[in-house]
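Just below is one structure, and these are the notes that go with it.
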Amino acid sequence: MSPEASSAPRSLAEALRARDDASLAALLRDRPDLVAPVPTDLTQLATRAGTRASVLRALEHLDRFALQTAQALAVAPDPATYDTLHELLAGDDGDPAVTEALPDTVAALRRQALIWGDDDRLHLVRTARELLAPSPQHPSPTGLGPTVREATSGMSPGRVQQIVNTAGLPSTHDPVSAVNALTALFADRKRMDALLAGAPEAAREVLARLMWGPPYGQVTADPAAHLRWLLDRGLLLPTAPGTVVLPREVALHLRGGRAHRVPEPVPPAVEPSVAHAPRIVDATAAGQAYTSLATVEELLKHWDQGGPAVLRAGGLSVRDLKRTAVALDAPEPLAAFWIELAYAAGLLASDGAADERYAPTPAYDSWLERPVAERWGRLATAWLAATRTAGLIGGRDIKDRALSALGPGLDRSAAPEVRHRVLTLLAELPAGVAPAPEAVLTRLTWERPLRTPQRDGTEDLRIRLARWTLSEAELLGVTGRGALSSHGRALLGTAPEPDGAPLSPAGQHTAVAVGLLAPLLPEPLDHVLLQADLTAVAPGPLLRPLAETLGVLADVESKGGATVYRFTPASVRRALDAGQTAADLHAFLAQHSRTPVPQPLTYLIDDVARRHGHLRVGVASAYVRCDDDSVLNEIIADKRAAALRLRRLAPTVLAAPCDPATLLEGLRSLGYAPAAESAQGDVLITRADAHRTPPRTAPEPVPEGPPAPDSVLLTAAVRAIRAGDLAATAPLKAPGPQPVGGELPRTSPADTLATMQAAVMTGEAVWIGYVNADGAASQRVVAPIRVEGGFVTAYDHTADEVRTYPLHRITGVAELAED
């Protein structure tokens, strides 16, 4: 055996042991599930890296060419050479793109511990081979079938010899050599060309149909002549009664040596679809950003007095979602998105009361006080990080239960990663350039091709998340006309700061985005235009105090570029109930109108104010009192008031068995303007008290698997693994106990004490077995410093710190070899 062969790693653990610390850290960074918890040594790390769950997770994060490379290795001999792998991917003629991309791909697979060994002995991790190798139950994406050896494993030796003879090969003394001869024939291009030259045309058509898979076919008990020709020469081999398969070696010859019909070493480019001026994209996105803020504010204002009830199973009922959609003048899926966005930003939650309802949180009030651009920044960052997925609302979960807004089952851990990736692909295009959506989806499919198929036949979740990301980014104003805006680029950290400084550090991207967006937003106005038809037109966004007061005094009639408010007796009475006087309302309108206050509006306010509070409603159960008894006589005589069951208690007082709120509403429906009064006889000002939940935090995103380790954790993990591996593999001085298979060293208490005392004097490190107070056993390499009082104080190389160990918990000790 050559020195090179003897130094080649014989297992994944040995291959990992030969790596440097940077390479081990890269492995743990690429596969974070391997570091939770930290493996005790490299053997345990290799074992964990080969488990089915970990390998599946790693395969699902491979791009298409890396996956094709792993699939090619799964159908190659084990081990395979780099040249064999290259031929399977590039074919006999060679593919320059494959030749260029393959070295980096092999290096990436080796870095992730999915393959190991040198280029002359490449091994695919056994679990990955089991997952990717072809079988009748799990066909390979390559479309290849079993090898000649695998297909003939149950065949009689006589039948194998017949096939060898018919194929023109000499007879052999045993089935193994016969199979080897047949395999060599099928792998020889020239001899196979000569053999197939004599095949019937129909036989070549059969081979062409099976060549790219699936490689299995059906035959009758008495096959046709062209099928018999193929069966006699082993070009088709029986696998079960009535079933035949095309051997892998034959298929590779027919394919020109390629394992895949179309290797894809180069990611598909996200081609531009349409280009706009960057300033138009930014302006469009800014306008939509302002609209998104107005929509969320309108939603929470609609729920200001307490929103819909929480379903018993959690979430919003379909009926309440429809009502909210009507209030927002939006389709139900869009309304669901705004609801979920407000929830993700921590502006909306359930109040936790006995009759639990949804309501704004206290954070909503502080959010309203922030500048407009900062409010958008909070929504955008919450959307980017949220795992709750509004697009799933209305669908069914795995238990066939309906998924409702704000309900359980909406978290998809892949959502943040997909959103970032989609926006990053948009950011790679020039400013103002929008791609075709299908080009983005094609690129994402190349980057993550191995996904679990959906049971209902729908698109893969990752693709649906990408579609939703493109539409939601447009709704939020992150993109404009399909192109990423400048503040959208800053949100990802891919845009320079306004003054041309370097990229912002992590955590400052939102601030930069807010700074870029702020100048693009419209300035709030301090005026409206009053019209003679009892309407007011707001030609743009209004200052908050003006908007709030006008929202009480008038009803919104239409929204858009300009908002139209309509004044009605009910809206004016609402303002009076809130504590305003007629003089206050006249002064307010005169101050904020750019046009003269129309006479009809002045008359409306005065007329409602004159009648407002003329009637008083209090608690009896409820009563009505009025100094003018003729008004009460009019009410008693009105047949429409019969439902209130009023009766006279005094010339100026009527009583009713209903509560004051019902009586107030009933009298107002009859055209009166009653006012509520307290038990002391004072008029009650009925300002709308906002209903708020107790303090709530925004929902935490559900991570996809273990979190990515930071540099500090990686450094500590590599150091711990190295130290544990030293303890597990350090050679011992002979003679002495040589534990194997992870066993702890065993020595008598007297030998343990003597060896420890000797190590203190010589300063040498020793190998100990230790059982802690919880009964957990471990092996450690320690350098004893002193031994006294039944305790050993030593520097623990495994933990990289000085520790004290009770002697009675040390199972044994062994000295390390000099090297």
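Heads up: numbering here begins at 1 and tracks the sequence.
Note that CE of Met211 and CG of Leu246 are 9.5 Å apart. Values are rounded to the nearest 0.5 Å. In this structure, CG in Leu441 is found 6.5 Å from CG in Leu470, a value given to the nearest 0.5 Å. In this structure, OG1 on Thr47 lies 11.0 Å from CG on Leu34, to the nearest 0.5 angstrom. With values rounded to the nearest 0.5 angstrom, Leu195 atom CG is found 10.5 Å from Thr166 atom OG1. Considering CG of Asn180 and CZ of Arg149, their distance stands at 4.5 Å, rounded to 0.5 Å. Atoms CZ and CG, from Phe65 and Leu89 in turn, are 5.0 Å apart once rounded to the nearest 0.5 Å.
Here Thr445 pairs with nothing under the side-chain hydrogen bond (donor to acceptor under 3.5 Å, both in side chains) rule; sequence neighbours left out. When the salt bridge (Lys or Arg N to Asp or Glu O under 4.0 Å) test is applied to Arg191, the partners found at least two apart in sequence or on another chain are Asp188.
Atom CG of Asp93 has 12 or fewer heavy atoms from other residues, nucleotides or ligands within 6.0 Å. Within a 6.0 Å radius of CZ in Arg159, other residues, nucleotides and ligands contribute more than 12 heavy atoms. With a 6.0 Å radius and a threshold of 12 heavy atoms from other residues, nucleotides or ligands, Glu100 has its CD atom at or below the threshold.
Residues Leu85 and Ala72 share a closest heavy-atom pair of CD1-CB, 3.8 Å. Scanning all heavy atoms of the two residues, the minimum distance from Met192 to Leu185 falls at CG-O, 3.2 Å. Pro32 and Ala708 get closest at one heavy-atom pair: CB-CA, 4.3 Å. Considering all non-hydrogen atoms of both residues, Asp120 and Thr81 come closest at O-CG2, 3.5 Å.
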CA sep, side-chain torsions, deciding dist, call: Gln162, Asp232, side chain to side chain contact (heavy atoms under 4.5 Å, CB included): CA-CA 8 Å; Gln162 290 178 0; Asp232 289 344; over 6 Å; no
Evaluate Thr389 against Asp411 for side chain to side chain contact (heavy atoms under 4.5 Å, CB included), listing each step before the verdict. CA-CA 6 Å; Thr389 308; Asp411 283 292; over 6 Å; no
When you look at Leu12 and Leu16, which way does the side chain to side chain contact (heavy atoms under 4.5 Å, CB included) test go after all the steps? CA-CA 6 Å; Leu12 177 58; Leu16 294 179; 4.2 Å; yes
Evaluate Leu131 against Leu56 for side chain to side chain contact (heavy atoms under 4.5 Å, CB included), listing each step before the verdict. CA-CA 8 Å; Leu131 291 169; Leu56 271 175; 3.9 Å; yes
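Looking at Arg17 and Glu14, no side-chain N of the basic residue comes within less than 4.0 Å of a carboxylate O on the acidic one, giving no salt bridge. Salt-bridge check for Asp460 with Arg464: failed, with every basic side-chain N at 4.0 Å or more from each acidic carboxylate O. At a threshold of 4.0 Å, the pair Glu150-Arg248 counts as salt-bridged, since one of the basic side-chain nitrogens sits closer than that to a carboxylate oxygen. For Arg467 and Glu438, the salt-bridge test passes: some basic side-chain N is under 4.0 Å from an acidic carboxylate O. At a threshold of 4.0 Å, the pair Arg189-Glu87 counts as salt-bridged, since one of the basic side-chain nitrogens sits closer than that to a carboxylate oxygen. A salt bridge links Asp119 and Arg110; the closest N-O separation between the charged side-chain nitrogens and carboxylate oxygens is under 4.0 Å.
Counting only heavy atoms from C-beta outward, the side chains of Leu254 and Leu196 approach each other to under 4.5 Å. Using a 4.5 Å cut-off on side-chain heavy atoms (C-beta onward), Ile721 and Leu28 make contact.
The backbone N or O of Ala386 sits less than 3.5 Å from a side-chain atom of Arg419, completing a donor-acceptor pair. In this structure, the side chain of Glu271 does not engage the main chain of Pro435 through any donor-acceptor pair within 3.5 Å. Using modelled atom types, no side-chain atom of Thr142 and backbone atom of Ala259 make a donor-acceptor pair closer than 3.5 Å. Remark: side-chain polar atoms of His420 are paired, donor with acceptor, to backbone N or O of Pro416 under 3.5 angstrom.
Judged by distance alone, the side chains of Thr172 and Gln161 do bring a donor and an acceptor atom under 3.5 Å apart. When only modelled atom types and interatomic distance are considered, Arg31 and Ser54 share a side-chain donor-acceptor pair under 3.5 Å.
Of the options Glu447, Gln112, Arg448, Gln68, a side-chain contact (heavy atoms from CB on, under 4.5 Å) to Leu62 is made by Gln112 and by none of the others.
Residues in residues 229-272 take part in no ring pair (Phe, Tyr, Trp, His ring centres under 6.0 Å) pair, two or more places apart or across chains.
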